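Atoms within each ligand, like the ligands themselves, are counted from 1 in listed order. Since this is a predicted model, take the numbers as computed values, not measurements. Any value given below was found using the heavy atoms of this structure, including those in side chains, with hydrogens, waters and symmetry copies removed.
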Amino acid sequence: MTRNEQIKWFKEQETPFYFYDLEKLRMVLKALDHEMDQYGYHMHYALKANANFKVLTEMIDHGYGADCVSGGEVKRALEAGFDPQKVVFAGVGKSDSEIKYALENEIGCFNVESLEELEVIEELAKEMNKTANIALRLNPDVDAKTHHYITTGLNENKFGLNPNDLDSTLALLKKSKNLTFKGIHFHIGSQITELSAFKHLCLKANDFLQWFRDHKLKVEWVNVGGGLGIDYENPDEKLIPDFANFFRIFHQFLNLENGQSLHFELGRAIVAQMGEFITRVLYIKKGISRSFAIVDGGMSELIRPALYQAFHKIENLSQKGDPDHKYDVVGPICETSDTFGKQVSLPKTKRGDLISVRSSGAYGEVMASQYNLRGPLKILTSDDEMD
Ligand code: LLP
């Protein structure tokens with residue numbers, strides 16, 4: 001379908017809805033594999049970014065594993081058909097029932113974030129007569145230079161093992177028959193566009209690897225998490241993120257030994273650009289100091305602008321004129337923060353026009369709520385276009 005045909009098809013649909021262009025996703029995946037395969041790296045797609053079944057099927061077709069942060073995500077990954085051995089389970093607050101579920105299903109690895117958690121996994125694994133593979137999430141204290149809400153690798157953040165607990169953690173790992181130490185895990189934050197942050201991560205990871213070598217513990221897996229950012233300003237021109245330089249940094253700066261494999265957990269960089277949130281203008285309201293384009297989708301469907309003051313490119317799909325009018329594009333929710341963009345330059349906009357909020361494939365649908373008792377979320381994909 002051409003873009004024009006697609007817009008025509010959008011116009012026939014009830015709004016608001018997310019649209020996922022699976023062809024775009026396939027292009028991103030092809031580019032990703034091309035770069036990653038040069039080095040033999042492994043991908044565990046971060047389900048938290050988008051857990052739609054059609055999206056997950058594409059990841060499975062590429063042989064990826066899944067990075068999950070809740071029992072619900074582990075369940076979704078298994079239902080979608082991921083190889084349980086390629087499922088990793090992270091998160092600072094895994095509940096007993098989530099741990100049991102993961103043990104029952106013999107997932108590949110628990111990314112453990114505290115000594116206290118490791119003790120519970122050991123206890124439950126013993127009870128169930130299971131063995132759990134363990135990677136320790138370490139906090140490298142690297143500044144990812146991104147929004148403070150999505151920075152995770154600083155000492156002040158809640159993530160990762162307390163370094164003061166490392167000795168007791170290793171003692172438990174060495175002693176336990178139900179735990180197998182496999183490797184180490186890092187994740188420094190999300191929407192990282194300054195790639196030097198990943199170089200710093202590599203240098204810190206090298207220190208940790210040396211520490212484990214000194215303590216005679218074999219690290220088989222090194223998992224450096226996700227975090228590669230995308231270009232929200234240019235969703236078409238920058239459909240493919242800078243995978244080449246991203247992987248080159250790890251190849252260049254991380255000192256891996258023979259037999260050590262390198263794992264990634266990208267989310268946003270894979271799925272953000274394939275998605276757009278389509279909403280319709282209900283009213284053009286003249287305010288005292290500005291005009292508002294009030295649309296039928298709101299922060300209950302796409303919360304990123306309200307929560308992080310995140311920028312998403314906004315387009316009017318119904319008008320072709322010069323973008324010589326300015327509108328605050330706002331939703332119907334009873335909150336001032338329910339704003340997709342302020343003083344957005346658009347062609348003269350009318351009631352009934354379709355608005356696209358671009359780059360919404362990551363952390364859009366998954367973060368939606370029912371706030372204001374909004375209706376169920378509607379998702380369309382390029383597979384539906386033919387129907
Ligand atoms: N691995 C771990 C352990 C994570 O915590 C995350 C994201 C990822 C991987 C994937 O990161 P990505 O490649 O997508 O950057 N809701 C926020 C983003 C929160 C990210 C949380 N962790 C947003 O809308 O910007």
Derivation and outcome, side-chain contact (heavy atoms from CB on, under 4.5 Å), residues Cys202 and Ile249
CA-CA 8 Å; Cys202 290; Ile249 286 176; 4.3 Å; yes
Please work out, at 4.0 Å between heavy atoms, whether the side chain, the backbone, both, or neither of [X] comes within that distance of ligand 1.
X	answer
His187	side chain
Ala49	neither
Arg304	side chain

Counting heavy atoms only, which of Ser190, Gly229, Gly225, Gly91 comes nearest to atom 15 (O) of ligand 1?
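Among Ser190, Gly229, Gly225, Gly91, the closest heavy atom to atom 15 (O) of ligand 1 comes from Ser190.
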Which of the atoms in ligand 1, numbered in the order shown and given with their element, are less than 4.0 Å from a heavy-atom of [X]?
X	answer
Leu266	13 (O)
Gly226	9 (C), 13 (O)
Asp67	1 (N), 2 (C), 9 (C)
Arg137	3 (C)
Glu265	1 (N), 2 (C), 3 (C), 8 (C), 9 (C), 10 (C), 13 (O)
Ala46	10 (C)

[X] (side chain) donor-acceptor with [Y] (main chain) under 3.5 angstrom:
X	Y	answer
Glu98	Gly71	yes
Tyr45	Asn50	yes
His44	Glu265	no
Arg290	Asp328	no

Between [X] and [Y], is the ring centroid distance below 6.0 Å?
X	Y	value
Phe292	Tyr283	no
Phe264	Phe247	yes
Tyr41	Phe250	no

Considering distance alone, does some N or O of [X] sit under 3.5 Å from an N or O of ligand 1?
X	value
Gly227	yes
Gly267	yes
His185	no

Could you pull out all residues at least two apart from Glu122 that satisfy salt bridge (Lys or Arg N to Asp or Glu O under 4.0 Å)?
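With sequence neighbours excluded, Glu122 shows a salt bridge (Lys or Arg N to Asp or Glu O under 4.0 Å) to Lys126, given in chain and number order.
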